[in-house]
Peer 1: 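Mind looking over this structure? Questions follow.
What's counted below: heavy atoms across the whole structure, side chains too, no hydrogens, waters or symmetry copies.
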Amino acid sequence: MATDESLIRLLTEIRDIQREHLELYRKHSELAIAKQEQALDVTRRFQKFYRMVVAVLFVGIAVLMFWLFKH
């Protein structure tokens, strides 16, 4: 009977450790996903800024060329 009780206790400990492991895995997964989303937001903002700079430069060059050819 002592063997049965120790086996039950051991299995219970294993189950509890697996639950703790699963909870840690969930927390780390959520953190990783949040960091990925943050990185995507930064990338999107940089892309918008880059597009704006390119558009402004293009318009500036077009205006400069128009002005030079007009005079």
Side-chain angles (χ1 to χ4, degrees):
M1 294 297 169
T3 310
D4 290 341
E5 290 175 9
S6 63
L7 181 61
I8 291 172
R9 187 170 52 248
L10 181 62
L11 291 173
T12 303
E13 289 178 25
I14 291 171
R15 182 200 62 202
D16 293 343
I17 290 171
Q18 286 178 337
R19 285 181 179 168
E20 290 174 16
H21 175 74
L22 180 61
E23 185 60 32
L24 286 173
Y25 178 78
R26 284 180 185 156
K27 286 180 183 179
H28 287 291
S29 296
E30 290 172 359
L31 182 61
I33 290 170
K35 287 183 178 183
Q36 286 175 346
E37 290 175 357
Q38 183 181 15
L40 283 173
D41 289 341
V42 169
T43 302
R44 287 182 186 123
R45 278 188 267 139
F46 179 74
Q47 287 174 342
K48 287 179 183 179
F49 174 74
Y50 178 74
R51 287 182 189 136
M52 183 73 74
V53 168
V54 169
V56 168
L57 288 175
F58 181 75
V59 169
I61 290 171
V63 168
L64 181 63
M65 288 178 69
F66 178 75
W67 183 76
L68 286 174
F69 286 122
K70 188 174 181 180
H71 289 94

Peer 1: Any chance you could measure Gln36, atom CD, to Asp41, atom CG, to the nearest 0.5 Å?
Peer 2: 12.0 Å
Peer 1: Who else is in Val53's hydrophobic cluster (ILVMFWY, side-chain heavy atoms under 4.5 Å, direct or via others)?
Peer 2: Phe49, Leu57
Peer 1: Measure the CD-CG distance between Glu13 and Asp16 for me, rounded to the nearest 0.5 Å.
Peer 2: 8.0 Å
Peer 1: Is it true that, when you exclude Gln38 itself, more than 12 heavy atoms of the residues, nucleotides or ligands shown sit nearer than 6.0 Å to its CD?
Peer 2: no
Peer 1: I need the Glu5 CD to Thr3 OG1 distance, nearest 0.5 Å.
Peer 2: 9.0 Å
Peer 1: Which residue, Leu11, Thr12, Ile17, forms the side-chain contact (heavy atoms from CB on, under 4.5 Å) with Arg15?
Peer 2: Thr12
Peer 1: Under the 4.5 Å side-chain heavy-atom rule for ILVMFWY, direct or indirect, which residues accompany Phe69?
Peer 2: Ile61, Met65
